[in-house]
Protein chains: 2
Amino acid sequence: MPEDREVTIYDIARYLNISAATVSRGLKNNPMISKNTRKKIAEAAKSLGYQSNTFASSLRSRHTHTLGVLVPRLNSHFMSSALAGMENAANRHGYNLIIAQSLEDVEKEKRNAATMFNKRVDGLLISLSYNTQDIHHLEPFFKRKIPVVFFDRVYPHDESTSVGINNQEAAYNITKHLISQGCRKIMHLGGNLLRNVYQERLAGYRKALEDHHLPFSKKLYLTGPLSEQAGADAARYILDLPAEERPDAVFSANDTAAVYCMLTLKTAGLRIPEDIAFAGFNNDPISRVIEPNLTTMDYSGDSIGNTAATYLINHLKGISNLYTTNAITLRADMVIRASSLKNKLP
Amino acid sequence: MPEDREVTIYDIARYLNISAATVSRGLKNNPMISKNTRKKIAEAAKSLGYQSNTFASSLRSRHTHTLGVLVPRLNSHFMSSALAGMENAANRHGYNLIIAQSLEDVEKEKRNAATMFNKRVDGLLISLSYNTQDIHHLEPFFKRKIPVVFFDRVYPHDESTSVGINNQEAAYNITKHLISQGCRKIMHLGGNLLRNVYQERLAGYRKALEDHHLPFSKKLYLTGPLSEQAGADAARYILDLPAEERPDAVFSANDTAAVYCMLTLKTAGLRIPEDIAFAGFNNDPISRVIEPNLTTMDYSGDSIGNTAATYLINHLKGISNLYTTNAITLRADMVIRASSLKNKLP
DNA sequence: TTGTAAGCGTTATCAG
DNA sequence: CTGATAACGCTTACAA
């Protein structure tokens with residue numbers, strides 16, 4: 001008959017004729033314990049099939065080796081790569097991830113934050129939902145000094161760190177690139193300005209126009225959910241514009257909208273990039289399938305996730321201090337592809 | 001000065017002059033407790049800012065309200081949708097998800113399984129890595145009667161349930177469709193036969209050939225990782241074949257390989273579907289971007305994830321019984337698109 | 001270097 | 001319907 005009770009440190013202690021306290025220390029390689037007893041403990045643990053009980057441990061020690069991850073959606077290329085990066089970092093350092101999605105809904109974000117808090121995560125990694133206005137719902141974390149790291153869609157906050165890229169610079173560069181290709185009426189497809197990423201991309205776009213003495217026109221700035229539908233709608237909008245007002249380029253704040261806009265315009269007979277050039281953002285897999293391939297900004301979700309998680313863990317381990325670094329900016333590289341090349345290269 | 005100790009059921013008990021046991025019961029809406037006291041308890045809990053301590057609860061009650069999810073990779077369209085579906089179901093029932101990825105490596109899968117076991121997940125949702133040979137590493141779960149649900153890449157096992165689609169039938173239908181379009185030399189791009197999904201898709205393909213009196217040719221069956229590279233390689237292979245041996249259609253076990261094969265063949269000047277028709281599997285977003293759009297099998301990762309998680313949770317709640325149902329088969333629908341339409345429709 | 005003993009906050013058992 | 005009390009398995013002062 002199989003024993004049903006768990007194997008505890010007491011079993012190991014009894015087996016070795018030492019105290020449970022010693023076993024507890026030995027198990028975590030506490031240097032206070034002699035090398036020899038530590039070895040014996042490790043062996044006994046293995047042979048008895050001991051598995052530490054994380055609840056007992058968490059209950060007593062008040063930390064859980066678990067990080068909460070709160071994202072808008074799990075199923076986007078960027079987000080799932082970011083998660084993969086976090087999982088990697090966490091796994092490497094003996095941490096686990098509890099993951100929840102807000103589905104772009106603030107209310108669900110609030111509920112999830114509460115759950116994470118309740119589950120006593122050691123730290124929180126969060127990317128805000130589309131329409132989150134403020135971060136009151138994170139107050140419990142701040143109050144208890146549970147470190148919070150924002151990534152991608154961040155929020156300015158003195159006591160936490162943000163991990164992302166320089167969206168303004170990236171948007172500036174990509175717009176400048178379009179200008180250098182001879183485009184003069186560049187349209188921008190943007191997202192909700194509540195989110196820094198879209199706000200900054202718009203700013204970079206406007207700055208580039210300004211620096212090149214091109215006017216900003218409200219008629220060439222569309223804002224929306226950047227979905228497939230939004231991309232197709234933008235195309236309709238463009239086609240409905242009188243010929244002389246039509247943009248000669250589109251810079252979209254994400255690849256999805258760019259690609260579906262392209263597809264619709266192509267169906268309508270426009271040539272890309274001859275009639276209208278395109279640039280997107282994210283380097284999503286679809287950007288390499290659309291023809292012509294889409295010029296875009298490449299930045300690795302994997303790196304962002306990895307960096308954010310590693311940084312959080314280092315903070316938890318006392319190796320670094322979150323509160324001294326407000327932002328970590330990773331590099332983003334422009335990937336120039338045929339969709340934006342009006343001046344054919346040699 | 002903020003109190004640092006947690007608010008416990010004892011605080012509530014003292015506040016209401018009742019016992020902690022009553023509070024504990026009241027908090028979980030135990031019908032034993034009078035409606036009135038239950039209400040008072042709920043109110044007191046709220047006003048004192050009580051947060052239940054899940055560790056204490058887990059330690060005592062021996063269950064964690066946490067499900068382990070073990071997947072090959074987090075960052076594929078199918079997998080992230082499946083996770084989204086699971087997260088949804090879990091969230092709805094008050095469960096949390098601990099997620100880890102094996103990166104297609106058995107060894108990491110083993111380590112992750114051990115961690116999940118150690119974290120005392122209430123149940124496990126798993127999709128096997130590319131080269132997992134057996135499931136010895138899940139024995140601890142079986143021994144302790146911790147329910148395991150396989151999804152997508154499953155493994156036959158008496159005491160667990162598998163959730164997926166009928167891959168053989170799907171592959172049969174898609175191959176039959178290609179045949180109905182006049183294709184006679186249909187190539188198959190397959191994956192590792194250790195995984196049921198690829199094994200079954202191959203079987204369906206072969207069965208369809210057989211039923212239509214078409215020969216199966218080893219020259220037209222390539223197996224590999226079904227990656228972008230693998231797709232491009234397959235194209236090279238096709239191009240290197242003497243003209244009379246070239247396939248007039250390709251059925252790929254996933255969309256990625258199909259799409260990259262198409263792209264390479266198109267670059268080489270082949271026309272799709274005129275010279276060679278295409279069908280894939282998964283209904284990945286890229287299948288709707290490639291031109292011509294790719295005929296494929298649509299089955300929802302979201303539903304699979306949702307079904308698997310819901311089923312697991314129902315089992316945990318005693319509503320259903322895992323051990324009586326060996327497999328749940330969800331529907332998969334063929335999505336016919338231009339890539340396979342040799343006989344133009346009216 | 002090791003042992004003793006007091007919790008961590010909850011739930012289960014048994015009694016009323 | 002409610003209460004007292006003993007665990008659950010581990011960590012950590014404090015003592016030896």
Side-chain angles (χ1 to χ4, degrees), chain A residues 3-42 44-45 48-66 94 117-122 144 146, chain B residues 3-42 44-45 48-66 94 117-122 144 316:
Chain A
E3 251 309 341
D4 203 37
R5 227 179 43 69
E6 304 205 355
V7 178
T8 75
I9 52 173
Y10 281 91
D11 297 320
I12 299 181
R14 199 172 314 116
Y15 181 78
L16 294 175
N17 268 314
I18 57 180
S19 82
T22 305
V23 175
S24 172
R25 294 178 182 120
L27 248 14
K28 12 188 60 69
N29 260 298
N30 187 323
M32 253 184 200
I33 305 298
S34 82
K35 270 220 139 82
N36 192 256
T37 15
R38 265 189 275 169
K39 205 173 72 189
K40 276 198 266 178
I41 291 171
L48 296 184
Y50 169 79
Q51 303 265 64
S52 99
N53 183 317
T54 53
F55 306 118
S57 167
S58 293
L59 177 58
R60 191 60 238 256
S61 68
R62 323 183 80 77
H63 53 62
T64 62
H65 283 269
T66 298
F117 182 76
N118 201 261
K119 282 253 172 178
R120 313 291 200 278
V121 296
D122 284 351
R144 283 223 186 205
I146 296 169
Chain B
E3 252 308 341
D4 204 36
R5 229 178 44 66
E6 305 204 353
V7 178
T8 75
I9 51 173
Y10 279 91
D11 298 319
I12 301 181
R14 202 172 314 116
Y15 181 80
L16 295 175
N17 269 316
I18 56 178
S19 81
T22 304
V23 174
S24 172
R25 293 178 184 120
L27 249 14
K28 9 187 62 70
N29 259 299
N30 188 323
M32 254 183 199
I33 304 297
S34 81
K35 267 218 141 80
N36 192 256
T37 11
R38 264 189 276 168
K39 205 172 70 189
K40 277 198 265 179
I41 291 172
L48 296 183
Y50 169 78
Q51 303 265 64
S52 99
N53 185 317
T54 53
F55 306 120
S57 168
S58 294
L59 176 58
R60 191 59 240 249
S61 67
R62 324 185 80 82
H63 53 63
T64 62
H65 283 269
T66 299
F117 182 76
N118 199 260
K119 283 253 170 175
R120 311 292 200 280
V121 296
D122 284 351
R144 284 221 186 206
L316 289 171

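First the proteins, then the strands, lettered A, B, ... as listed; each starts at 1.
If you take OG1 on B:Thr22 and NZ on B:Lys40, they are separated by 11.0 Å, rounding to the nearest 0.5 Å.
Across the protein-nucleic acid pair, A:Ile18 atom CD1 and C:dT1 atom P stand 14 Å apart, rounded to whole Å. Rounding to whole angstrom units, CZ of residue A:Arg62 and P of C:dT10 are separated by 11 Å. If you measure from atom CD1 of B:Ile9 to atom P of D:dT5, you get 15 Å, rounded to the nearest angstrom. The interatomic distance linking A:Tyr10 (OH) with D:dA7 (C1') rounds to 12 Å, in whole Å. The distance from atom CG of A:Leu48 to atom C1' of D:dG9 is 16 Å, rounded to the nearest whole Å. At whole-Å resolution of the value, CG in A:Leu16 and P in C:dT2 are 11 Å apart. To the nearest angstrom, P of C:dG9 lies 13 Å from CD of B:Gln51. The distance between atom CD1 of A:Ile12 and atom C1' of C:dT2, rounded to the nearest whole Å, is 16 Å.
Contact detail for A:Tyr50 and A:Leu27: the closest heavy-atom pair is CE2-CD2, 3.7 Å. Considering every non-hydrogen atom in both B:Val23 and B:Ile41, the closest pair reads CA-CD1, 3.8 Å.
B:Thr54 comes within 4.0 angstrom of nothing in the nucleic acid, heavy atoms only. As judged by a 4.0 angstrom heavy-atom cut-off over every strand, A:Ser58 is placed among residues making no nucleic acid contact.
Here the side chain of B:Thr64 pairs a donor or acceptor atom with the backbone of B:Arg120 at under 3.5 angstrom.
Under 4.0 angstrom from either OP1 or OP2 of D:dG9 there lies no side-chain N or O belonging to A:Ser52. For the pair A:Ser19 and C:dG3, the criterion of a side-chain N or O lying under 4.0 Å from OP1 or OP2 is met. Regarding contacts with the backbone of C:dG9, every side-chain N or O of B:Ser57 stays at 4.0 angstrom or more from both OP1 and OP2.
Between the side chains of A:Ser57 and A:Thr54, no donor-acceptor pair is found at a separation under 3.5 Å.
Heavy-atom distances to DNA chain D give each of B:Val23 and B:Leu59 a nearest nucleotide, and the one nearer the 5′ end belongs to B:Val23.
Of the listed nucleotides (C:dT10, C:dT2, D:dG9), C:dT10 has the atom at the smallest distance from the side chain of B:Tyr50.
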Distances under 3.5 Å between protein N/O atoms and the N/O atoms of nucleotides 12-16 of chain D, please, pair by pair.
from   : atom 1 : to      : atom 2 : distance (Å)
D:dA13 : N6     : A:Arg25 : NH2    : 2.7

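Counting only heavy atoms from C-beta outward, the side chains of B:Asp122 and B:Thr66 never approach each other to under 4.5 Å. Side-chain contact between B:Arg60 and A:Phe55 is absent, with no heavy atoms from C-beta onward closer than 4.5 Å.
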